[in-house]
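Scroll down for the structure; my scribbles are underneath it.
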Amino acid sequence: MNDLIVPLVIATTALSGIAAGASLDVSIRQLPARHRIGVIAYSVYSQATDLGTARVWYPPLALVPCCLRLQQQ
């Protein structure tokens with residue numbers, strides 16, 4: 001069991017870092033754009049991205065690190 005902990009910690013840390021980077025992208029780049037292009041245009045953009053590839057990208061990005069963290073306990 002101890003041999004498995006180190007790879008799980010590394011995988012959890014890496015995937016959590018990717019999730020943090022995705023969140024930072026939204027906070028730094030996308031939300032300020034909302035003020036420049038307006039709420040309606042941003043809403044159309046947000047729906048296009050969130051209902052497209054984000055439906056496949058974000059759930060595993062959130063759930064996999066949580067599952068890996070639970071495996072460590």
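Any value given below was found using the heavy atoms of this structure, including those in side chains, with hydrogens, waters and symmetry copies removed. Just so it is clear, the structure is predicted and the values come from calculations on it, not from any experiment.
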- Are Val64 and Val6 connected in the hydrophobic side-chain network, where two residues link if heavy atoms are under 4.5 Å apart? no

- Would you name the heavy atoms of Pro65 and Leu15 that are closest together and state the gap between them? CG-CB, 3.6 Å

- Got more than 12 heavy atoms from elsewhere within 6.0 Å of CD1, Ile40? no

- Nearest heavy atoms of Ser46 and Thr49, plus distance in Å: O-OG1, 3.1 Å

- Message: Donor-acceptor pair, distance only, cut-off 3.5 Å: does the side chain of Thr13 make one with the backbone of Val9?
- Response: yes

- Message: Keeping Thr12 on the side-chain end and Leu8 on the backbone end, is there a donor-acceptor pair under 3.5 Å?
- Response: yes

- Note on the structure: Nearest heavy-atom approach of Ser27 to Pro32 is O-CD, 3.5 Å

- Query: When clusters are formed by joining ILVMFWY residues with side-chain heavy atoms under 4.5 Å apart, either directly or through shared neighbours, do Ile18 and Ile10 land in the same one?
  - Reply: no

- Query: For the hydrophobic clusters of this structure (ILVMFWY residues joined by side-chain heavy atoms under 4.5 Å, transitively), does one cluster hold both Leu63 and Leu68?
  - Reply: no

- Between Tyr42 and Gln30, is any pair of side-chain heavy atoms under 4.5 Å apart? yes

